[in-house]
Amino acid sequence: MEPKTDGAPTLDLSEIEDEDVLNKMLDDTADFEERRMIRAALRDLLKKKRDKREQDRGSRQQDLRQQGLSKGRASTNQPSTNRAAGQPISTSAMNKTGASPPAAASQKRPPTAAAAAAPNVKNVKQMLLDWCRAKTEPYEGVDIQNFSSSWKDGIAFCALVHRFFPDAFEYSILNPNKPRDNFQLAFDTAEKLAGCPPLLDADDLVRMREPDWKCVYTYIQEFYRCLVERGLVKTKKRP
């Protein structure tokens, strides 16, 4: 719940489904506690939308599998015709000639589709990690191997943002022993120049032994999306 002003009703941030509204609220308040709760609401909203996309994708894949099964059953119920004799060919006759019954082919289709879909999320995560590694490779002090410990001092965030906005700050003077300053610099710059909402909080991150990989992954996805929308990343597929 967001703190209310005198005489104003309490607003449940979880009921807000518009990122722009939450971003506007974030811009309009300077209270630390309110900003923390708004950022948390933004993270929850983004996760909810991502889960919805995954659910919709799963439903579409299920529909495709059902269509494949229906087509397989339909083809099985239709007798094959021996064009020379004008008589249906029995299943046993087809097996003797080495031909596979239509039902066998249809039964293999769904597992193949499921197997192809299963590694999709993992592949996207790896693609985004490889992208981060490639963009920050020239930067000293950055070695991105994952979405958690590789980002704990804030330097990797700064390097990634600096790669696209090199005039925003001086990278060479950053101190890895000041992670909070590094986090704040990266997030503020990304928000100002890329329009990336500050889904992560610098104070939250410095309290963690290592950043939560899901939070970092979500933020990098959003940063990538903002870069694509501004034409700073040319790609046909977004991680």
Side-chain angles (χ1 to χ4, degrees), residues 19 22-23 26-27 32 35-36 38-40 42-47 49-50 119-239:
E19 291 179 46
L22 290 173
N23 283 323
L26 195 64
D27 292 338
F32 171 78
R35 291 180 66 86
R36 186 186 68 78
I38 295 171
R39 288 194 184 100
L42 271 169
R43 288 194 294 268
D44 292 342
L45 178 58
L46 192 62
K47 181 179 183 301
K49 289 184 176 181
R50 187 174 67 251
N120 183 53
V121 174
K122 183 178 179 181
N123 289 343
V124 170
K125 180 183 174 185
Q126 186 60 48
M127 286 169 58
L128 192 61
L129 187 67
D130 292 341
W131 177 78
C132 292
R133 186 181 296 121
K135 293 302 179 183
T136 59
E137 186 177 6
Y139 287 83
E140 183 178 356
V142 179
D143 182 21
I144 296 178
Q145 299 298 326
N146 53 51
F147 282 112
S148 182
S149 59
S150 298
W151 306 79
K152 65 181 179 179
D153 59 7
I155 294 295
F157 284 109
C158 289
L160 187 61
V161 173
H162 188 269
R163 178 62 182 267
F164 293 94
F165 306 103
D167 297 328
F169 54 86
E170 181 59 50
Y171 176 82
S172 61
I173 66 174
L174 298 180
N175 186 347
N177 295 319
K178 295 183 177 181
R180 188 195 181 286
D181 293 344
N182 298 331
F183 289 134
Q184 200 63 57
L185 176 63
F187 301 154
D188 288 348
T189 304
E191 182 179 14
K192 179 181 178 181
L193 300 180
C196 181
L199 303 180
L200 298 178
D201 183 86
D203 292 313
D204 290 342
L205 290 172
V206 295
R207 283 194 289 265
M208 300 178 184
R209 187 173 64 86
E210 290 183 353
D212 184 339
W213 76 265
K214 293 180 181 178
C215 295
V216 175
Y217 176 54
T218 299
Y219 180 84
I220 298 301
Q221 276 188 310
E222 185 66 13
F223 180 62
Y224 183 95
R225 183 187 67 79
C226 292
L227 294 175
V228 171
E229 288 183 350
R230 282 159 177 74
L232 296 175
V233 172
K234 304 296 183 182
T235 181
K236 294 182 179 178
K237 295 182 178 179
R238 302 179 185 180

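We use all heavy atoms of the structure for the numbers below, so side chains are in, but hydrogens, waters and symmetry mates are not.
Residue pairs meeting the side chain to side chain donor-acceptor pair (under 3.5 Å) criterion with at least one member in residues 186-201, sequence neighbours excluded: R39-D201, Q184-D188. Legend: salt bridge (charged side-chain N to carboxylate O under 4.0 Å, His left out) pairs involving residues 133-147, not counting sequence neighbours, sorted by first then second residue: D130-R133. Applying the salt bridge (charged side-chain N to carboxylate O under 4.0 Å, His left out) rule to pairs touching residues 160-173 yields nothing, sequence neighbours excluded.
A perpendicular orientation is assigned to the rings of W131 and Y224, their planes being inclined by more than 60° (bins at 30° and 60°). Classification of the F147-W151 ring pair by plane angle, with boundaries at 30° and 60°, yields parallel.
The shortest non-hydrogen separation linking A156 to T136 is O-CG2, 4.3 Å. Taking all atoms of both residues into account, the shortest heavy-atom contact from F183 to A202 is CB-CB, 3.7 Å. The shortest non-hydrogen separation linking A194 to C226 is O-CB, 3.3 Å.
For the atom pair NZ of K152 and CZ of R209, the computed distance is 8.0 Å after rounding to the nearest 0.5 Å. Separating the CG atom in L128 from the CZ atom in F223 is a distance of 11.0 Å, to the nearest 0.5 Å. Here the straight-line distance linking atom CD1 of I155 with atom CG of L185 works out to 9.0 Å at 0.5 Å rounding. Note that CG of D212 is 8.5 Å distant from OG1 of T218, once rounded to the nearest 0.5 Å.
Checked against side chain to side chain donor-acceptor pair (under 3.5 Å), N146 has the following partners two or more places apart in sequence or in another chain: S149, S150. Every residue meeting the ring-ring contact (aromatic ring centres under 6.0 Å, His included) condition with Y171, not counting sequence neighbours, appears here in chain and number order: Y139, H162. Scanning for salt bridge (charged side-chain N to carboxylate O under 4.0 Å, His left out) contacts around D203 gives R180, with sequence neighbours left out. Scanning for ring-ring contact (aromatic ring centres under 6.0 Å, His included) contacts around Y219 gives F157, F187, with sequence neighbours left out. Judged as a side chain to side chain donor-acceptor pair (under 3.5 Å), and not counting sequence neighbours, R230 has no contacts. For D153, there are no side chain to side chain donor-acceptor pair (under 3.5 Å) partners at least two apart in sequence or on another chain. When the side chain to side chain donor-acceptor pair (under 3.5 Å) test is applied to R207, the partners found at least two apart in sequence or on another chain are D204.
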(request) Walk me through it: do L193 and F164 pass the test side chain to side chain contact (heavy atoms under 4.5 Å, CB included)? (result) CA-CA 10 Å; L193 300 180; F164 293 94; over 6 Å; no
(request) Would you sort out whether Y217 and V124 count as a side chain to side chain contact (heavy atoms under 4.5 Å, CB included), showing the intermediate values? (result) CA-CA 11 Å; Y217 176 54; V124 170; 3.7 Å; yes
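The residue from D181, L174, V142 that alone fulfils the side chain to side chain contact (heavy atoms under 4.5 Å, CB included) condition with C158 is L174.
Counting heavy atoms from C-beta on, the side chains of L205 and P179 never come closer than 4.5 Å.
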